[in-house]
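To keep things clear, I will list the structure first and then write my remarks on it.
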Amino acid sequence: MNSPEQPLPTFDEVLLCTPQTSAEQVGLFLRRCLIPCQGGNKIYTMLYADELSYDVSKRAEELFQHLQCYNSSYRLIILCNCEGENSYLPSAFSHYKVHMIPQRSRAEIQQYLQRHFRVPQPSDSAAAVFKEHMCVGIVSSKRAGMGK
C-alpha cells in the first residue's frame, strides 16, 4: 500500500483459515509461497491461522520446515487473533513474531480500498446498487436475525 497503484492481493496470495480448512489447502498455499517460481514478489498471507485444527497446524509446520530450504526469500505473513495466539501454529512460529502498528491512517487505508473496489461507471454491474459503485459492501445490523 505504499502507492495507490499497488494492486490488492490476488486469490492465490491469501488463505482465509477456518476450523474446516484442510491440510491439503494449507499445503497448497505453503507450496505456492515457498517453492520458487516465476510468480515474482508476492506477499502470502494466512488469515486467522489460530482457527486451524491441531492436526492441520502440526502438518503445516512440518511442511513449512521441509519446504523452507527451497526458498530463502519467501514472504509469508501469518495473522491471528491475539486471543488465539496460544494455539499451535502461532506458538510454533512465535520466534518470528512481529507486533505491527498500521503505518497509514484509517482514512488512507479506506481511500486505497475504495480505489481498488470501485467499478467503472458505465458498466452493467451489481455494484451499481452499492454506495459509490463499490463491488464490495458490508451489511450489518445491531439486531440479530433481521433479514440482512
Side-chain angles (χ1 to χ4, degrees), residues 1-120 123-141 148:
M1 202 184 110
N2 291 330
S3 147
E5 282 72 42
Q6 281 184 308
L8 291 169
T10 58
F11 71 93
D12 65 327
E13 294 175 83
V14 179
L15 178 64
L16 181 60
C17 301
T18 68
Q20 292 75 36
T21 302
S22 69
E24 291 78 19
Q25 290 171 306
V26 176
L28 287 171
F29 179 78
L30 289 174
R31 283 180 178 85
R32 281 195 300 264
C33 174
L34 296 169
I35 296 177
C37 64
Q38 295 180 344
N41 297 322
K42 293 184 174 186
I43 300 173
Y44 293 89
T45 307
M46 289 179 69
L47 298 170
Y48 303 114
D50 54 304
E51 294 282 324
L52 295 173
S53 70
Y54 176 83
D55 293 334
V56 171
S57 296
K58 179 81 171 132
R59 288 176 62 185
E61 182 201 12
E62 291 168 356
L63 182 61
F64 176 84
Q65 298 300 336
H66 174 73
L67 295 176
Q68 187 180 15
C69 65
Y70 292 106
N71 186 359
S72 62
S73 63
Y74 64 89
R75 298 182 339 170
L76 174 64
I77 298 169
I78 300 175
L79 296 173
C80 66
N81 185 334
C82 62
E83 294 168 3
E85 68 182 343
N86 293 325
S87 61
Y88 186 85
L89 205 59
S91 296
F93 288 91
S94 64
H95 54 285
Y96 297 109
K97 188 180 207 174
V98 175
H99 289 281
M100 289 293 299
I101 298 171
Q103 299 298 310
R104 303 280 187 220
S105 70
R106 183 177 184 168
E108 287 176 302
I109 293 169
Q110 286 175 334
Q111 275 185 322
Y112 173 80
L113 292 172
Q114 284 177 349
R115 176 185 176 100
H116 290 285
F117 286 131
R118 185 169 285 124
V119 174
S123 77
D124 295 330
S125 169
V129 300
F130 284 115
K131 181 181 174 184
E132 299 177 10
H133 290 275
M134 296 292 156
C135 63
V136 174
I138 297 175
V139 178
S140 65
S141 172
K148 291 182 281 298

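On a predicted model such as this, the values are computed, not experimentally measured, just so you know.
- Of the inter-residue distances, the one linking Ile77 atom CD1 with Cys33 atom SG reads 9.5 Å to the nearest 0.5 angstrom.
- The structure places CG of Leu89 at 13.5 Å from CZ of Arg59, a figure rounded to the nearest 0.5 Å.
- Under the 30°/60° scheme for interplanar angles, the aromatic rings of His66 and Tyr70 are found to stand perpendicular.
- The local environment of OH in Tyr48 is sparse, with at most 12 non-hydrogen atoms from other residues, nucleotides or ligands closer than 6.0 Å.
- Listed by first and then second residue, the salt bridge (charged side-chain N to carboxylate O under 4.0 Å, His left out) pairs involving residues 21-36 amount to none (not counting sequence neighbours).
- Atom OG of residue Ser105 and atom CD of residue Gln111 lie 8.0 Å apart, to the nearest 0.5 angstrom.
- Between Leu30 and Leu76 there is a side-chain heavy-atom pair separated by less than 4.5 Å.
- The distance from atom OG1 of Thr45 to atom CZ of Phe29, rounded to the nearest 0.5 Å, is 6.5 Å.
- Residues Tyr74 and Tyr44 form no side-chain contact, since every pair of their non-hydrogen atoms from C-beta on lies 4.5 Å or further apart.
- One distance of note links OG1 of Thr21 with CG of Leu15; it measures 5.5 Å at 0.5 Å rounding.
- Partners of Arg75 under the salt bridge (charged side-chain N to carboxylate O under 4.0 Å, His left out) rule, at least two apart in sequence or in another chain, do not exist in this structure.
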Practice task
List the steps and the verdict of side-chain contact (heavy atoms from CB on, under 4.5 Å) for Leu34 and Leu63.
Solution key: CA-CA 10 Å; Leu34 296 169; Leu63 182 61; over 6 Å; no
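- The backbone N or O of Ser87 lies less than 3.5 Å from no partner atom in the side chain of Asp50, so there is not a single donor-acceptor pair.
- Scanning both residues, Leu52 and Met46, for their nearest heavy atoms gives CD1-CE, 3.8 Å.
- Note on residues 10-22: pairs passing salt bridge (charged side-chain N to carboxylate O under 4.0 Å, His left out), not counting sequence neighbours, are Asp12-Lys42.
- Leu47 CG to Thr18 OG1: the interatomic distance, rounded to the nearest 0.5 Å, is 12.0 Å.
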Exercise for the section: Take Asp55 and Ser57 through the test side-chain hydrogen bond (donor to acceptor under 3.5 Å, both in side chains) and record every step on the way to the result. Expected result: CA-CA 5 Å; Asp55 293 334; Ser57 296; over 6 Å; no
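- The two residues Val56 and Ala23 come nearest to each other via the heavy atoms CG2-N, 3.7 Å.
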